[in-house]
Amino acid sequence: MAVAALTLILFSALICCSVTEKLHNGSPPNIIIMLMDDMGWGDLGVFGHPAKETPNLDAMAAQGMLLTNFYTANPLCSPSRAALLTGRLPVRNGFYTTNGHARNAYTPQEIVGGISKDEILLPAMLKKNGYVSKIVGKWHLGHRPAYLPLENGFDEWFGAPNCHFGPYNSSITPNIPVYNNSEMLGRYYEEFPINVKTGESNLTQIFLKEGLEFIHRQTKAQQPFFLYWAPDATHTPLYASRSFLGKSQRGRYGDAVMELDYSVGQILSSLQSLGIEKNTFVFFTSDNGAALTSRTNGGSNGPFLCGKETTFEGGMREPAIAWWPGNIKEGTVSQQLANVMDLFSTCLSLAGISAPDDRVLDGLDLTPVLLNLSHSLENRPIFYYRGNEMMAVRVGQFKAHYWTWTNSMEEFKQGVNFCAGQDVPGVTTHNQTEYTLQPIIFHLGRDPGEKFPLSVLTKEYLDALRSVSAVVEYHEKTLVPGVPQLNMCDQAVMNWAPAGCEKLGKCLDAPKSKPWKCSWPH
Ligand SMILES: *[C@@H]1O[C@H](CO)[C@@H](O)[C@H](O)[C@H]1NC(C)=O
Ligand SMILES: *[C@@H]1O[C@H](CO)[C@@H](O)[C@H](O)[C@H]1NC(C)=O
Ligand SMILES: *[C@@H]1O[C@H](CO)[C@@H](O)[C@H](O)[C@H]1NC(C)=O
Ligand SMILES: *[C@@H]1O[C@H](CO)[C@@H](O)[C@H](O)[C@H]1NC(C)=O
Ligand SMILES: *[C@@H]1O[C@H](CO)[C@@H](O)[C@H](O)[C@H]1NC(C)=O
């Protein structure tokens, strides 16, 4: 009893002092994070896409705040998602590789790695103030049972451990189970069909329905909720339901965007019709830039260079909209440098929960920016990582690239180019077997497309180098990397162990494809 009472007192002390407490008489807002898959900065009408086929997202921005300098933590799905949910750089939370730094959880072998038990995820933190959390859609933090969402703080789950990526070739059905909580309902391409030929799938509809059902149920129960809505229709192979197929000016990719946009509109309007919009914080963003390797099956990164897999702006600058009627002023635009890890800190602050103090967090609390309590936060850097490699860093308007990797030699030989059609000589193509000892520096304010490196002979370069170097030096000196969870070339990875599909008795053999090559020296 005494311990319980003491815990209660301590707990009350912990939740006393947030911004929201003062604003909302202690009722913590519901939280919805909408995370898209490979959607680019330039895909939204509000960011300038000429097709203007995102009326709901454009309206969301008009009713809320558009963030124009919002970043992911890594240009790939898994580490980006792990960063969002832990508030930590992948190099800290373990979602990185130390071998073949260009690679991560993308092959079927990813079944081996997953989120470390030592990490605390956002839903587990939110539980401290009574939140009920649901993930709908793509997880991507590991396939094995111990890595799945219900083991990591979520109360409910509808979706798959991975996206519907694949089939790699038409004779192989990717082994991707679909779960309703801990029950496996079927698999993508089978019980949850995706017609690769026509692009027809009802998955976005299903994800929408699951999200709306949860919102309604939690509202009725008067319990604060966290909905992590992570549909994957804009990841190839692209899909949309029949009523959206063929409707956009942008082919199947645009059809998928239109259906997602429609779904966002449905979610926001249901918050309004339930009368909870003033008590629900909604944030829309994407996990990494659009994949230029997909060419016409991929999205647009607007004015930015290259795309997914690279640490140019096209790989890591994300569309971002914050919406919270009555709290976030409508029609505002923020140029604050911000990133997905800030969502962790921000959500905790909104929920009136102290951030964990036993670990380094990489996010900042954005509430002062969102609520216009101050114009900007400290001049914080943005780090651009691939694997354990700090590729680039942004300080203010200056971005220094220490390594402008765009392909491994293997991929180069295979004709893979993550900057397809956008190569800038000396920037995206140079001798990649060497580090750039003198970083290439861009001024993103006047050169957002990263095409005109500052001359190393200018005072501007030297000044920028000085300020960036100080940040890098401190970062490298203080960084304690986590235990890497995604090393792809370890022997364990080769010993593929199917998980999750036991119930259907349809496990596939390990792909007999070649093991992932570690030809790259890092
Ligand atoms: C596709 O997979 C099947 C089964 O493993 C294999 O026999 C075939 O060669 C593969 N086709 C291609 C084009 O890779
Ligand atoms: C998912 O499971 C819950 C109970 O755990 C059940 O109420 C719901 O109907 C299930 N949904 C689907 C689509 O099977
Ligand atoms: C999607 O749902 C419609 C209507 O229920 C159905 O006719 C269609 O076959 C479904 N499509 C797929 C690919 O499952
Ligand atoms: C933000 O607050 C400042 C005063 O602190 C005010 O001048 C400004 O108009 C506010 N901006 C918006 C968009 O409300
Ligand atoms: C690239 O750099 C490496 C290491 O300095 C050198 O051995 C190699 O010859 C260079 N390649 C080209 C094409 O310049």
Side-chain angles (χ1 to χ4, degrees), residues 19 22-23 61-68 132-137 139 148-151 154-161 163-164 166-167 173-174 176-218 220-221 223 225 227 229 231-233 237-247 252 255-256 258-260 262-263 266 321-336 338 366-377 500 503-504:
V19 171
K22 286 171 205 135
L23 289 174
Q63 294 158 16
M65 178 184 279
L66 191 66
L67 291 97
T68 59
V132 174
S133 299
K134 177 165 190 152
I135 165 174
V136 173
W139 170 239
L148 295 179
L150 302 192
E151 299 296 321
F154 282 99
D155 302 290
E156 299 183 26
W157 182 28
F158 187 96
C163 65
H164 61 287
T173 307
I176 303 163
V178 176
Y179 287 92
N180 178 37
N181 301 322
S182 50
E183 185 191 4
M184 184 182 157
L185 299 180
R187 292 194 308 180
Y188 285 156
Y189 298 94
E190 301 204 343
E191 293 78 6
F192 294 88
I194 302 161
N195 186 325
V196 176
K197 225 177 223 155
T198 64
E200 186 190 345
S201 173
N202 295 332
L203 278 168
T204 300
Q205 280 183 6
I206 295 171
F207 294 151
L208 172 60
K209 189 169 144 271
E210 286 291 329
L212 292 177
E213 190 276 327
F214 177 67
I215 291 169
H216 280 86
R217 185 155 40 83
Q218 289 309 308
K220 210 167 158 196
Q223 228 170 349
F225 65 82
L227 171 63
W229 193 69
D232 62 358
L238 306 165
Y239 63 78
S241 64
R242 211 169 281 168
S243 41
F244 290 91
L245 280 176
K247 294 285 154 56
R252 202 173 287 175
D255 300 344
M258 280 178 90
E259 186 163 22
L260 292 167
Y262 165 83
S263 304
Q266 292 293 300
I321 304 170
W323 187 91
W324 190 12
N327 296 283
I328 295 174
K329 187 138 194 265
E330 60 193 36
T332 46
V333 176
S334 172
Q335 275 145 34
Q336 172 69 46
L366 294 176
T367 48
V369 174
L370 298 171
L371 304 179
N372 193 31
L373 304 177
S374 70
H375 286 294
S376 70
L377 297 172
K503 267 183 99 170
L504 290 190

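As the structure lists them, so they are numbered: ligands from 1, and atoms in each ligand from 1. These numbers come from a predicted model, not from an experiment.
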Is [Y] close to [X] at the side-chain level, that is, under 4.5 Å between some pair of heavy atoms?
{"X": "L203", "Y": "Y188", "value": "yes"}
{"X": "E210", "Y": "K134", "value": "yes"}
{"X": "Y179", "Y": "P149", "value": "no"}

Answer with yes or no whether E210 contacts ligand 2, where contact means a heavy atom under 4.0 Å from a ligand atom.
yes
Pull out every atom of ligand 2 sitting under 4.0 Å from any heavy atom of N181, numbered as shown with elements.
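Every atom of ligand 2 under 4.0 Å from some heavy atom of N181: 2 (O), 5 (O).
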From OG1 (T367) to CD1 (I328), nearest 0.5 Å:
10.0 Å
Could you tell me the separation between the CG atom of L370 and the CE atom of M65, rounded to the nearest 0.5 Å?
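Rounded to the nearest 0.5 Å, the CG-CE separation comes out at 5.5 Å.
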With only distance considered, is T332 within less than 3.5 Å of ligand 4 through an N or O on each side?
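So ligand 4 has no N or O lying under 3.5 Å from an N or O of T332.
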With sequence neighbours excluded, residues passing ring-ring contact (aromatic ring centres under 6.0 Å, His included) with F207
none
For ligand 3, which of its N or O atoms have a protein N or O partner closer than 3.5 Å, and how long is each gap?
{"unit_1": "ligand 3", "atom_1": "2 (O)", "unit_2": "N202", "atom_2": "ND2", "d": "2.3"}
{"unit_1": "ligand 3", "atom_1": "11 (N)", "unit_2": "E200", "atom_2": "OE2", "d": "2.8"}
{"unit_1": "ligand 3", "atom_1": "11 (N)", "unit_2": "N202", "atom_2": "ND2", "d": "3.1"}

Has N180 got a side-chain atom pairing as donor or acceptor with F158's backbone, closer than 3.5 angstrom?
no
